[in-house]
Amino acid sequence: MSDLITITIDGKEIPAQRGEMLTKAARRAGIEIPVFCGHPKLDPIGACRMCLVEQETPRGRALITACTTPVSEGMVIHYGSEKAVDARQGTLEMILINHPLDCPICDKGGECPLQDHTLAHGPGKSHFWEEKHHKAKNYPLSDLILLDQERCILCWRCIRYLGEWEDKPQLGLFHRGGETVIDKFPDGELDAYTSGSIIDLCPVGALTNRPARFSYRPWELRKTPSICTHCGQGCNLRIDSRDDIVRRHVARENVAVNDEWICDKGRFADDISVSPARLQQPLARIAGQLQPVSWAEALQRVVSGLKGVAERHGPAAIGAIGSAKASNEANYLLGKFMRGVIGSNNLDHREGAALLADPRGLPSLEAARHADLILLMGCDPSEEMPVLATLLKRAAIRQAAAVVIVHPRRIELARYPGHCFQPAPGEEPALFDALTRATLAGRGEPIPAWLAGAAEDAQITAAANALAAAQRPFILYGSDYAWGFGARAIVASLTNWVTAAGHGDRLGFLHAQANSQGAGDMGMLPDFLPGRRPLADAKARGDLEALWQTELPSQPGLTYGGMLASARGRIKALYLLGANPAGEKPADAAALKALDFLVVQELFLTETAQLADVVLPAASYVEGDGTFTNSERRVQRAPQAVKPVGNAAPDWLILTHLARAYAPERAAAWSTTSVAALFAEITQAAPLYAGMTWENLGAGGRQWPWQALSLQRSVQPYKPAALPADPAYPLRLVVGNQLWDDGVVLAASPALAQQGIKAARLHPTDAAALGLHSGDAITLRSRSGSVRTTVHVDDAIKPGTVFLPYSLAGAPAGALFDEYAPRSAVGVG
Amino acid sequence: MSGFKDVLDGAAEIAKAMGFTLKTLVSEPPVTVEYPDEPMTIYPRFRGRHELRRYENGLERCIGCCLCEAACPTGAIHVEAAENDPAHPTSPGERYASVYEVNLMRCIFCGDCEAACPTEAVVLGHTIDLAVYNRRDMLLTKEQLLNPPDPNTVIRGDW
């Protein structure tokens, strides 16, 4: 039986795929059957009856709903027949009985399927003159989403999205007949992390974006296809602006990356370019105070400051810290400036050399959709990549993918069938050894002596067997397991397990930041050049020297931690681009104060910028062209959507002018005047990016291949790292990313201030022992310092540990970090 | 001697015309308006300076829907909308215009804004003295537009 069949619509024969819905086949043939409830990403339901067409049956013509009817061979459909047209008119007239027709004040007006269908298919006038039903007009479903129950046409799209993709059925239908309304469940909340998707899905103006409400009309918006830079997924979105003010973000389809969804942070945290806290003018320290100066003076001060240090202490006394939140262009040029103009390899970023990440990130986000097993180690996609989490949930539900989790918290995805291991900090290698041992035993392979002592139990064996038997596992480890004390042992042991199970080439790393992958690709590392080529590789250096028309230092530089630790010693000047060490770790603030010269290129006057000698105001990614490389090595464009605020300038422009001012004799190597030209230079400097151009990145981006860098993995013994207990500090610190934190981007969006629980978390048994309740103020102490925050009691926390999210206002996790960070011993008191 | 007759006929015509002139001079009032010392008579359908109207209860008619802006062929209108404070609403319903500006240098007084308005909020009034000394004063703000002499007059009615 062929899958290609022929059906007839209005006497015209059209090809169709067997089993696809009639609406889809008709659309391909250019017949747009109107629908409200039907949506390509949601299961068919047939709730609105808008798509009625006539079908020839043995018993005569019958009205059927095209969105729920799969096509079959020889099907004869009448779309334009009098009865079908009349049925659709009647349906529309009925939908409009109680619709308030307040289009002039409705945010959907102008992009509303109900308006469009009424114009194209409606009767034009109504039989009804009675008073319409009145329901709640601006009913808040959450702080972010408003429901207008009068406008709602009960298509169920929002209910189905939350059920089918988020697996959080938080909305339902209540009452009957004309009184039917959508609502939350009693005592329920609408707090799914991608809840904003229901705004895009709503075919009328019933669900509206609360922070953006009334701030735009669709026809007057300038629509810039861009990406989100809140996490490493790089979801595609559209930035809608008017008068150079960003009005809203809406999702853009890219099936390979984010399907058609963006998370609520990506949608609602869109105020970065309108925040009054943005730096608008260069600042320089004059008589001890940061004061506004002109760009010319600011750059002159940077040049003379850096030159002074270079002359007194040599170029190795200068370092630069880039950012995994900044574009490829910014990181590339900062590296080019440091290596090619200053002559120093002191170059790193926070998630740089210290992070034991796979240099290729993760194999493919799309693989998550087809997975038959999901293995997550030390990462929590729900908090770190909410859209990936929806894809994983769907794989768990639709494809019965087992979910195996190894994490110090019982993360949200642990609610799916599978195995959840919660090793305490320090016990992860022992667990992975046991899994490796069970895997080798299950495969009948010899067990090396160093694994012979590993524990055995039924759950470990079951998990090991599940991974070994999986055909298409989706395997990730995350930053929680990839840096700090003991990380080497954890990563080595988990790599052993995955390799022993035969999936070594599927082990991927979940990057937390938008451009973690790209910053490394651009050589924002002390020992790697652009394109992940080792600094020690003389040919790579030679290629770059020819391109940059300069000579490159060959000695590896200091890492992020090394530069900050040496700020009182070898390092005399630092250039920070988008990095805020002082806000993350108070000890680093003291170190930065000891520097001779500090330059900070930033969006906001952060704790670090307040210490600077010169502050250069940078344009955010919304305000300038740039490219970002997501966790799956996909290079995507983020074109300029609005003008920079005040006198802020794009990072690449600042660095180009700075380099030309610092070394006028090298101006020829610093002559690019657009990001497109700069990206062309990057593709020459980084062979991994060869073949890409600004134009051919297009709307969906381009990936560099997973196989471009091959890693040989095998089961290897590793050096264990013992985490000593400390009776004075009985709890173990667990840090991690949380979607709703107090980071600078969220702080710029006041509408989001109430989202999430911003507190340290304790297991109920530990909280009871300490006499603590949710909401109590606590002080967490370690050998290095203390932070004050509130506590939230949560049984997902491993007993004996305390979870402290990064970026809590006034409670930087870095204050607690000692030599065992981030697995430091802490106490409450 | 047709030339002589022509002269006589011409003189008679002139005399006749002058007679009419002299008669009208004393029997009819003058039609010239001593503007601006005297007010102009303005016809009901005349389209002058924009006005934003209110309801009798003082609420603004404008709901900030931006349809006038969309209809304007010259981009003379700029509207920003905002949400009403339910305790102190500016207009009926949830939405009002927080910014409403008309650029008279662009306006061609076509009346499309008036036709597009769903609430009869913006109308082209009967103010014709638009001369100003400063180009900036040609940008009318919401405050200027909202203070027409008689807020409830429907200027054009049914036509």
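Letters A, B, ... are given to chains in the order of the sequence lines, protein chains preceding strands, and every chain is numbered from 1. Nothing here was measured: the structure is a model prediction, and the numbers come from that model. Below, each value reflects all heavy atoms present in this structure, side chains not excepted, and no hydrogens, waters or symmetry copies.
Atom CE of B/Met138 has more than 12 neighbouring heavy atoms from other residues, nucleotides or ligands inside a 6.0 Å radius. Within a 6.0 Å sphere centred on CH2 of A/Trp156, other residues, nucleotides and ligands contribute 12 heavy atoms or fewer. Counting non-hydrogen atoms of other residues, nucleotides and ligands closer than 6.0 Å to CE of B/Met18 gives a total of 12 or fewer. Enclosure of atom CG in B/Asp37 by more than 12 non-hydrogen atoms of other residues, nucleotides or ligands within 6.0 angstrom is indicated. Around NZ of A/Lys643, the count of heavy atoms belonging to other residues, nucleotides or ligands within 6.0 Å does not exceed 12. In this structure, B/Phe20 places its CZ atom where only 12 or fewer heavy-atom neighbours from other residues, nucleotides or ligands lie under 6.0 Å away.
At a threshold of 4.5 Å between non-hydrogen side-chain atoms, the residues B/Val79 and A/Arg217 do not count as touching. Within the 4.5 Å cutoff, side-chain heavy atoms of B/Leu67 are placed close to those of A/Trp219.
With respect to chain A, the highest number of heavy-atom pairs below 4.5 Å among B/Gly64, B/Ser98, B/Pro118, B/Ala82 belongs to B/Ala82.
Atoms CG and CD, on A/Leu146 and B/Glu94 in that order, are 8.0 Å from each other to the nearest 0.5 Å. Atoms NE2 and CG, from B/His78 and A/Asp243 in turn, are 5.0 Å apart once rounded to the nearest 0.5 Å.
Heavy-atom distances place no part of A/Arg210 under 4.5 Å from chain B, backbone and side chain included.
Closest approach of A/Phe214 to B/Glu83, counting heavy atoms only: CD1-CA, 3.7 Å. Minimum interatomic distance between B/Glu80 and A/Ser215 (heavy atoms only, all atoms of both residues): OE1-O, 4.4 Å.
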